[in-house]
Amino acid sequence: MIPSFLSDRKALLEGTTTLLALVQRSLDAIDATNDEVNALIDVYREESLSEAKRIQAKVDKGEAGPLAGAIFSIKDLFAHKNHRLQSASKILDTFTSVYDATVVERILAADGLILGRANQDEFGMGSSNEYSVYGPCKHPEDYQRVPGGSSGGSAASIAAGYCNLSLGSDTGGSVRQPAAFCGIVGLKPSYGRISRYGLAAYASSLDTVGCFGATVEDVAACIEVIAGQDVHDMTTLSTEVPSYLQELQDRDSTTKSLRFGINPSWFSEGLDPEIKHQIEWILDGLKEQGHEVKEIAMPAQSASLSTYYILATAEASSNLARYDGIHAGYRSAQSEGAKLEDVYTLSRSEGFGPEVKRRILLGTYVLSKGYYDAYYGKAQKVRRLIQREYEEAFQQVDAMILPTTPTTAFKAGEKVDDPLSMYLNDIYTLAANLSGITAMSVPIGRHSNGMPIGIQIQTPVSDELGCFQVGTLIENLSSKEKQ
Amino acid sequence: MSVTLEDVHYIAKLARLSLTEQEATQAQQDLNKILSYMDELNQIDTSSVEPLEHVFDFETRLRPDTPEAPVPHEDALRNAPDADSDYFRVPKVIE
């Protein structure tokens, strides 16, 4: 049973459980399986127990903040003062944060409890959580399979019952894809909706902070607290953050008829037929409820993968230039007596893993003299076409519906030596990052192989509320099927 | 366009990475496979399209110029592989 934040919070506020009991439940689950699953790479036991007492005292006085009852894991990319941050990379070996990320600060101020640090692909680069200096994270339901990535540890830590909310980051699908693989909800908010201050950068024009939870409402409750403008991140949107939970409850009784769009090419070759069938079942259900479903051709979408991997690796090659063996983290042991230039090269060559090096090389290549216009410049133009298609689509429909992933959770080792086939796993998630729009994965039942299936909902920039609203509609449809 | 081994060593040098011959050959294969897939972009007509650099136009926001406590000096040096009480330490750069 996957723990739900809002159910836990209700029990806590009604006095039928205590925060100490909830933390103990988490620690018991961790002790039972984390050695094998490897979702959490750091568990703050003592701190969690003392924090639980402190927050419980506030609950008892009726002064609990909006995230009291939340037990978080956070991806290894977030600054959390006096706690380790390693981006699952040797290059940040021994690094300890000296300040809190804005999202961490907001969680703590709202009485959320941070239980531990979650495994991930190094610097957020990967789709299976196999590229980690801490070793792979495994799917909690089948240790032969991957939990997805890059925020694999975040998703697995909820699916395995270690916590009831988790922070991840989504640059090309790194929240939605593991959410789909692990059978939970994962939101990639609009670009700029949530501050990136204190998030280790991968590709800054695409990076977003995302959240995982058991239900759409659990995620909405978290986003309500962490979203919004931040003076430390000039890319944050000034749009007001609504009270999502209140709005969801208010709208429940008066749900108007919605218009959904599907791009037919998303449902053609390469998609697992059972995933296709399950999504069509949901679309039929929506039609029966009086909603409209229409086809919208979006031809530029098929270029998402190429566009993304040019732009993301270019940005990564620049962002990761800061890891030099001088300012923070790992310095090669062979640096003694070496020239400065060699300290950089030795430390970086020993400190970065294979996928990170591959992306730095690709990014450096597409930015290099003679190739810049052919690759980087071209990709920036196609990016505009992809974004334009969404702008036009959202003039006709309220939300786009598509798969989150072409397959369910795959076997470990299956794609790790074939970068292109790993990248193809992100085919449905990349365009949302390229366009800056809102997107969320919601579980809709299971494949005959036993693994969960996710559906993806996409709504316009700043329309997280619309995304949550559609998400709850689909959750209800999906739970009806189970009965 | 096809990436040569020389290209791989050149970009590795730009990126301050050193590769063994085996790593360089592997990188060459990977890059060529990925880049030939990316050639699909050439089939898209972008002759009248402006490049997109940011997903939205950001307004320049001003904030009051009030000083905030910066990260303390010792904290800034805390994670350095080598530092003295005031500075990051690097190998001698002047012969």
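Below, read A as the first sequence line, B as the second, and so on, with proteins coming before strands; counting in each chain starts at 1.
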Among [options], which residue forms the greatest number of heavy-atom pairs with chain B at distances under 4.5 Å?
| options | answer |
| --- | --- |
| A:Gly329, A:Gly192, A:Ser368, A:Ser317 | A:Gly329 |
| A:Thr236, A:Leu92, A:Asp342 | A:Thr236 |
| A:Tyr191, A:Tyr344, A:Tyr99 | A:Tyr191 |
| A:Leu237, A:Leu434, A:Val366 | A:Leu237 |
| A:Val343, A:Leu305, A:Asp93, A:Thr94 | A:Leu305 |
| A:Ile360, A:Leu346, A:Thr235, A:Val231 | A:Thr235 |

Short side-chain to backbone donor-acceptor contact, [X] and [Y], under 3.5 Å:
| X | Y | result |
| --- | --- | --- |
| A:Ser349 | B:Leu17 | no |
| A:Lys339 | B:Lys92 | no |
| A:Arg383 | B:Leu52 | no |

Region of [X] that comes under 4.5 Å of a non-hydrogen atom in chain B:
| X | value |
| --- | --- |
| A:Gln229 | side chain |
| A:Leu367 | neither |
| A:Ser204 | neither |
| A:Tyr423 | side chain |
| A:Ala321 | neither |
| A:Asp418 | side chain |
| A:Leu85 | neither |
| A:Ala338 | backbone |

Does any heavy atom of chain A fall under 4.5 Å from the side chain of [X], the backbone, both, or neither of them?
| X | answer |
| --- | --- |
| B:Gln28 | neither |
| B:Glu40 | side chain |
| B:Asp30 | side chain |
| B:Phe88 | side chain |
| B:Glu23 | side chain |
| B:Leu77 | neither |
| B:Asp57 | neither |
| B:Ala15 | both |

* Taking only residues two or more places apart in sequence or in another chain, which ones pass side chain to side chain donor-acceptor pair (under 3.5 Å) with A:Thr96? -> none
Most heavy-atom pairs under 4.5 angstrom with chain A, which of [options]?
| options | answer |
| --- | --- |
| B:Arg63, B:Gln26, B:Lys13, B:Glu53 | B:Glu53 |
| B:Val71, B:Val49, B:Val90 | B:Val49 |
| B:Ala27, B:Ala76, B:Pro51, B:Pro91 | B:Pro51 |

* Could you walk me through whether A:Tyr375 and B:Leu41 pass the side chain to side chain contact (heavy atoms under 4.5 Å, CB included) check? -> CA-CA 9 Å; A:Tyr375 290 108; B:Leu41 291 185; 6.0 Å; no
If every non-hydrogen atom of [X] is compared with every non-hydrogen atom of [Y], which pair is closest and at what distance?
| X | Y | answer |
| --- | --- | --- |
| A:Pro419 | B:Ile34 | CB-CD1, 4.3 Å |
| A:Ile326 | B:Ala80 | O-CB, 3.9 Å |
| B:Pro81 | A:Gly325 | CG-O, 3.3 Å |

Flag if over 12 foreign heavy atoms under 6.0 Å of [atom1], [X]:
| X | atom1 | result |
| --- | --- | --- |
| B:His54 | NE2 | no |
| A:Lys81 | NZ | no |
| B:Tyr37 | OH | yes |

* Would B:Arg16 and A:Asp324 pass as an ion pair if we require N to O under 4.0 Å? -> no
* For the side-chain hydrogen bond (donor to acceptor under 3.5 Å, both in side chains) test, which of A:Arg384, A:Lys378, A:Gln380, A:Lys381 pairs with B:Thr46? -> A:Lys378
* Roughly how far apart are B:Ile11 CD1 and A:Thr364 OG1, rounded to 0.5 Å? -> 6.0 Å
* Assess whether side chain to side chain contact (heavy atoms under 4.5 Å, CB included) is satisfied between B:Val8 and A:Tyr365, documenting all intermediate values. => CA-CA 8 Å; B:Val8 172; A:Tyr365 182 79; over 6 Å; no
* Evaluation steps, side chain to side chain contact (heavy atoms under 4.5 Å, CB included), between B:Leu35 and A:Leu362 -> CA-CA 9 Å; B:Leu35 288 167; A:Leu362 182 59; 3.8 Å; yes
